[in-house]
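Read through the structure below, which is laid out as structure tokens, and then see the notes.
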Amino acid sequence: MTIQPARGTRDIYGRDLDAFLFVEQTAREMAKKYGFSGIQTPIFESTEVFCRGVGETSDIVSKEMYTFNDRGGESFTLRPEGTAGVVRSFISEGMEQNVPVKLFYAGPMFRYERPQKGRYRQLHQFGVEVLGAASAQADIDILCLAWDLLGALGLQKYVRLELNTLGDVESRDAYRTALVDYFSQFKDQLSEDSQIRLEKNPLRILDSKDENDKKLIENAPKMTDYLTPEAKQFFDEVQAGLNALEIPFVVNPKLVRGLDYYRHTVFEFITDNLGAQGTVLAGGRYDGLVQQLGGSAQPGIGFGAGIDRLSILVQELGLIPNEARAIALIPVGNECILPMMKIAHSLRKSGYIVEMAYSGNMSKRMKKANKINACCAIMMGTDEMEKGVVTVRNLDSGDQVEVSLLDLDQSLNEYRKFQ
Ligand code: ATP
Ligand code: MG
């Protein structure tokens with residue numbers, strides 16, 4: 001039996017990898033434009049980081065984590081998301097002294113889920129976090145960054161921004177009571193999961209994907225009716241900012257995020273082009289989290305974007321930049337192989353992408369050059385070698401010219417645009 005990749009994992013290569021790297025690179029560059037700096041936290045952390053940081057009642061902690069005891073008997077977990085680790089680092093590296101801190105990350109995360117298109121057990125996220133900024137300006141800035149990123153990927157017209165507020169602690173407590181009163185009337189009709197949520201974290205019921213739950217959610221009380229004046233003002237400020245920056249959004253009063261630590265602003269960018277896995281970027285404000293992980297009372301806000309989902313999207317919509325086209329080197333006769341390798345070496349040094357097959361006669365090599373969609377072929381036989389020239393053939397037009405080796409670098413300038 002051939003060995004298969006583990007369920008829910010995938011090998012990413014060819015154009016899929018081009019799409020993946022296009023998304024990741026674009027995201028990193030955009031975050032830098034907004035004054036963020038990168039961070040890499042470990043792929044595994046003490047299990048406690050996620051239990052405390054993500055919340056015991058979340059789907060992630062209650063059923064999706066890859067947790068194991070190492071040989072020393074300590075419990076570790078492969079990170080299921082990025083925020084908890086970044087906040088752990090913010091505290092353990094003493095960054096609290098220098099707030100606000102603006103960080104971005106990209107990398108693999110692990111969740112034991114039912115795999116399907118756009119849902120993997122090893123998934124990849126790009127995310128940003130702002131720590132130590134309490135004002136709505138930070139919320140607006142983060143949303144603007146997300147919107148610009150989707151713009152740079154060519155995706156703005158395929159997504160909509162849904163926005164909600166979970167209010168401050170006081171608003172949230174009042175809303176929680178209202179939800180418990182409402183859902184308790186229908187307790188028997190709720191899904192098993194939601195019955196548990198009713199006890200442990202009733203807000204999470206609003207996030208249920210169960211069809212019957214969804215019907216009951218239709219008439220549930222709305223967060224916006226339970227906001228304190230301060231929480232309402234904060235939400236108004238965020239909306240005014242988005243309007244001023246001309247970022248379109250809809251308020252979805254039923255939007256709650258899966259994680260326990262959110263306060264105030266929550267948001268998702270959703271597409272209709274990916275079936276059920278439509279959320280491509282999601283985040284919000286998490287003012288209680290730093291304390292939850294043992295730090296000082298520092299507010300935070302951020303988002304996580306699904307690189308896998310974004311790359312499927314840009315690829316299906318034909319938005320990834322054209323593939324680079326190499327220059328193919330074709331030695332005619334074995335004596336020319338080494339001299340051609342020297343030419344390849346020097347052209348690569350000047351920044352050209354050069355491909356030279358490892359074997360084959362001239363016609364095989366030419367076929368190969370066409371197959372990889374090379375932009376031009378450079379040929380050299382023994383006669384040419386003696387004269388110090390090569391033949392450069394444009395593989396689109398078929399035109400060819402003889403060029404002195406001394407002028408080669410310069411005469412290839414017209415092909416730079418393909419690389
Ligand atoms: P969902 O409701 O789809 O399970 P989530 O609320 O669990 O999403 P977050 O924890 O907010 O997702 O993660 C941020 C983003 O990461 C998601 O919006 C999505 O684009 C991506 N993502 C989450 N889980 C997966 C997964 N298993 N496979 C691929 N991408 C994922
Ligand atoms: Mg999930």
Side-chain angles (χ1 to χ4, degrees), residues 6-9 41-70 74-88 108-116 118-125 127 166 172-173 175-176 179-180 183-184 186-214 216-217 220 254-263 266 268 276-277 279 282-284 286 288-294 300 302-304 306 308:
R7 194 165 136 77
T9 68
T41 64
I43 297 218
F44 65 94
E45 299 261 2
S46 289
T47 299
E48 201 193 347
V49 170
F50 305 111
C51 286
R52 276 163 59 181
V54 182
E56 298 277 358
T57 62
S58 63
D59 282 355
I60 290 181
V61 174
S62 60
K63 50 191 186 201
E64 294 174 359
M65 294 209 302
Y66 278 91
T67 298
F68 60 96
N69 283 344
D70 75 357
E74 237 183 293
S75 178
F76 291 101
T77 294
L78 300 185
R79 63 182 186 196
E81 55 90 56
T83 305
V86 170
V87 171
R88 193 273 308 136
M109 311 289 163
F110 305 85
R111 300 183 188 181
Y112 189 78
E113 301 209 59
R114 203 163 57 83
Q116 47 200 295
R119 188 174 293 284
Y120 309 101
R121 290 183 174 176
Q122 176 170 333
L123 56 134
H124 302 83
Q125 288 182 338
L166 299 177
R172 209 172 145 148
D173 286 349
Y175 184 51
R176 186 190 154 101
L179 278 184
V180 173
F183 283 116
S184 297
F186 309 105
K187 187 166 179 203
D188 302 341
Q189 295 171 43
L190 285 171
S191 67
E192 216 172 293
D193 275 350
S194 287
Q195 292 192 14
I196 299 170
R197 291 179 184 128
L198 185 57
E199 303 281 315
K200 291 189 170 164
N201 190 343
L203 247 75
R204 189 66 52 62
I205 300 176
L206 302 181
D207 209 12
S208 172
K209 291 181 177 99
D210 179 276
E211 284 308 317
N212 206 42
D213 286 357
K214 280 188 184 167
L216 295 170
I217 293 164
K254 292 191 206 85
L255 178 69
V256 289
R257 300 280 312 122
L259 312 179
D260 277 347
Y261 45 62
Y262 284 106
R263 301 272 185 284
V266 286
E268 293 193 351
Q277 269 54 252
T279 305
Y286 46 83
L289 179 62
V290 181
Q291 263 179 315
Q292 183 97 355
L293 282 170
F303 66 70
D308 310 272

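Computed from heavy atoms alone, side chains included, the values below leave out hydrogens, waters and symmetry copies.
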Under 3.5 Å donor-acceptor, [X] side chain and [Y] backbone:
X	Y	answer
Asp70	Phe76	no
Thr47	Ser75	yes
Arg119	Ala276	no
Arg52	Gln292	yes
Gln195	Lys187	yes
Arg79	Pro108	yes
Ser46	Glu48	no

Are [X] and [Y] side-chain neighbours, meaning at least one heavy-atom pair lies under 4.5 Å?
X	Y	result
Ile217	Phe183	yes
Arg204	Val256	no
Ser184	Leu198	yes
Arg111	Ile60	yes
Asp308	Gln122	no
Ile205	Leu179	no

Phe110 and Tyr66 aromatic ring geometry - parallel, tilted or perpendicular at 30°/60° bounds
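Judged by the thresholds at 30° and 60°, the geometry between Tyr66 and Phe110 is perpendicular.
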Drop me the distance from [X]'s [atom1] to [Y]'s [atom2], to the nearest 0.5 angstrom.
X	Y	atom1	atom2	answer
Leu78	Glu45	CG	CD	11.0 Å
Glu64	Arg114	CD	CZ	12.0 Å
Ser194	Lys209	OG	NZ	11.0 Å
Thr41	Arg88	OG1	CZ	6.5 Å

Between Lys63 and Asp193 (salt bridge meaning N to carboxylate O under 4.0 Å), is one present in this structure?
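A salt bridge links Lys63 with Asp193.
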Please determine whether the number of non-hydrogen atoms from other residues, nucleotides or ligands lying under 6.0 Å from atom CZ of Phe186 exceeds 12.
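Buried by this count: over 12 neighbours within 6.0 Å.
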For Lys254, look at atom NZ and say whether over 12 heavy atoms of other residues, nucleotides or ligands are found less than 6.0 Å away.
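More than 12 heavy atoms, drawn from other residues, nucleotides or ligands, come within 6.0 Å of this atom.
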Testing the basics here: between Cys51 and Met65, what is the closest heavy-atom pair and its distance to 0.1 Å?
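Closest pair (atom of Cys51, atom of Met65, distance): SG-CE, 4.2 Å.
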Considering residues at least two apart in sequence or located in another chain, which fulfil the salt bridge (charged side-chain N to carboxylate O under 4.0 Å, His left out) criterion with Arg121?
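Partners of Arg121 by the salt bridge (charged side-chain N to carboxylate O under 4.0 Å, His left out) criterion come out as none, since no residue qualifies.
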Full working for side chain to side chain donor-acceptor pair (under 3.5 Å) between Ser208 and Asp213
CA-CA 7 Å; Ser208 172; Asp213 286 357; 2.8 Å; yes
